[in-house]
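Beneath this line is the structure, given in structure tokens, with notes to follow.
No experiment lies behind these values; they were computed from the predicted model shown. Counting starts at 1 for both ligands and their atoms, in listed order.
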Amino acid sequence: MKMARTIAELQAARPSGEIGLVPTMGAYHAGHVALFEAARAENDAVVASLFVNPAQFAEGEDFALYPRDRERDSCIAAESGVDVLFAPDASELYPSGYQTWVDVEELSRPLEGAFRPGHFRAVATVCLKLFNLVRPARAYFGQKDAQQVAVVGRLVRDLHLPLELHVVPTVRDDDGLALSSRNVFLSADERERALALPRALAARDRSLLDGLDVDYFEEADLDGMHVLAAAVRVGSTRLIDNVPLEGDPR
Ligand code: PAF
């Protein structure tokens with residue numbers, strides 16, 4: 001696996017043939033490995049990005065604390081068949097004078113958008129940058145971030161980007177908790193309490209979240225993707241999850 005720290009290094013390392021791109025913020029777990037494996041199976045080469053995008057964290061969010069371990073991530077990516085890992089510094093993607101943003105207006109407003117203003121503008125912008133730099137045939141995202149999938153899907157369609165989005169099902173621990181890089185912040189007791197989230201979604205029963213700090217528990221039509229989505233805070237950790245609802249075309 002080649003490591004590219006700059007755009008010039010990425011261009012030099014860009015593989016030939018059809019590329020599957022997996023955009024990530026690192027702290028890899030089995031959910032990321034599922035994305036790498038899907039990309040590996042369907043493309044000639046796999047490029048993953050490892051970039052904790054500062055712009056998508058608002059003031060007071062966990063940007064500084066977000067787990068980072070580039071060495072461990074490189075090993076997992078290499079073992080999972082990634083050909084090129086693009087891990088730029090923030091100044092590479094947002095050099096001084098940077099001022100261009102892409103806003104997927106309506107889809108960015110509800111659910112996460114209501115609690116994290118500006119979040120999806122930054123996600124859409126960094127994804128568009130990665131699509132332009134890597135020029136993938138396919139890009140891979142997890143169902144766990146359903147609204148992100150909808151926002152990026154709309155970006156691809158609205159801007160006529162020549163790539164397909166592939167959505168990989170949420171990977172869960174045996175007890176049902178969706179894998180997330182933020183799960184490492186949960187104490188044993190908080191992890192136990194966090195299990196209410198997948199249980200409430202599976203039972204479609206908000207009352208199972210009683211005692212947790214609930215940002216939302218809502219059915220949503222995300223550009224034709226019907227989900228029951230929720231966000232809760234357990235201690236200082238914010239978790240999101242969703243389940244596709246009947247009638248969802250997938
Ligand atoms: O889902 C994530 O890890 C991030 O939002 C993404 C898509 C890599 C953009 O920074």
Q. Are R238 and D215 ion-paired here, with the side-chain N under 4.0 Å from a carboxylate O?
A. yes
Q.
Keeping R14 on the side-chain end and V134 on the backbone end, is there a donor-acceptor pair under 3.5 Å?
A. yes
Q: Return the residue, atom name and 0.1 Å-rounded distance of the protein heavy atom closest to atom 3 (O) of ligand 1.
A: M25 CG, 3.5 Å
Q: For V126, take its heavy atoms, then give the atoms of ligand 1 lying under 4.0 Å from any of them.
A: 9 (C), 10 (O)
(Q) Would N53 and Y66 count as a side chain to side chain donor-acceptor pair (under 3.5 Å) here? Give the steps. (A) CA-CA 10 Å; N53 180 23; Y66 198 84; over 6 Å; no
Q) Short list, please: which atoms of ligand 1 are under 4.0 Å from a heavy atom of T24? A) 8 (C)
(Q) Using a plain distance cutoff, I'd like to know if N53 has any nitrogen or oxygen under 3.5 Å from a nitrogen or oxygen of ligand 1. (A) no
Q.
Please list, in number order, the atoms of ligand 1 under 4.0 Å from a heavy atom of P23.
A. 8 (C)
Q: Considering only NZ, NE, NH1 and NH2 on the basic side and carboxylate oxygens on the acidic side, decide whether R40 and D83 come within less than 4.0 Å.
A: yes
Q: If you have a sec, work out which protein heavy atom is nearest atom 10 (O) of ligand 1 and how many Å separate them, to one decimal?
A: Q56 OE1, 2.7 Å
Q) Which residue and non-hydrogen atom of the protein lie closest to atom 5 (O) of ligand 1, and at what distance in Å? A) Q148 OE1, 2.7 Å
(Q) Strictly below 4.0 Å, N to O, side chains only: are D62 and R182 in salt-bridge contact? (A) yes
Q. In Å, rounded to the nearest 0.5 Å, how long is the span from CG of L197 to CG of L239?
A. 6.5 Å
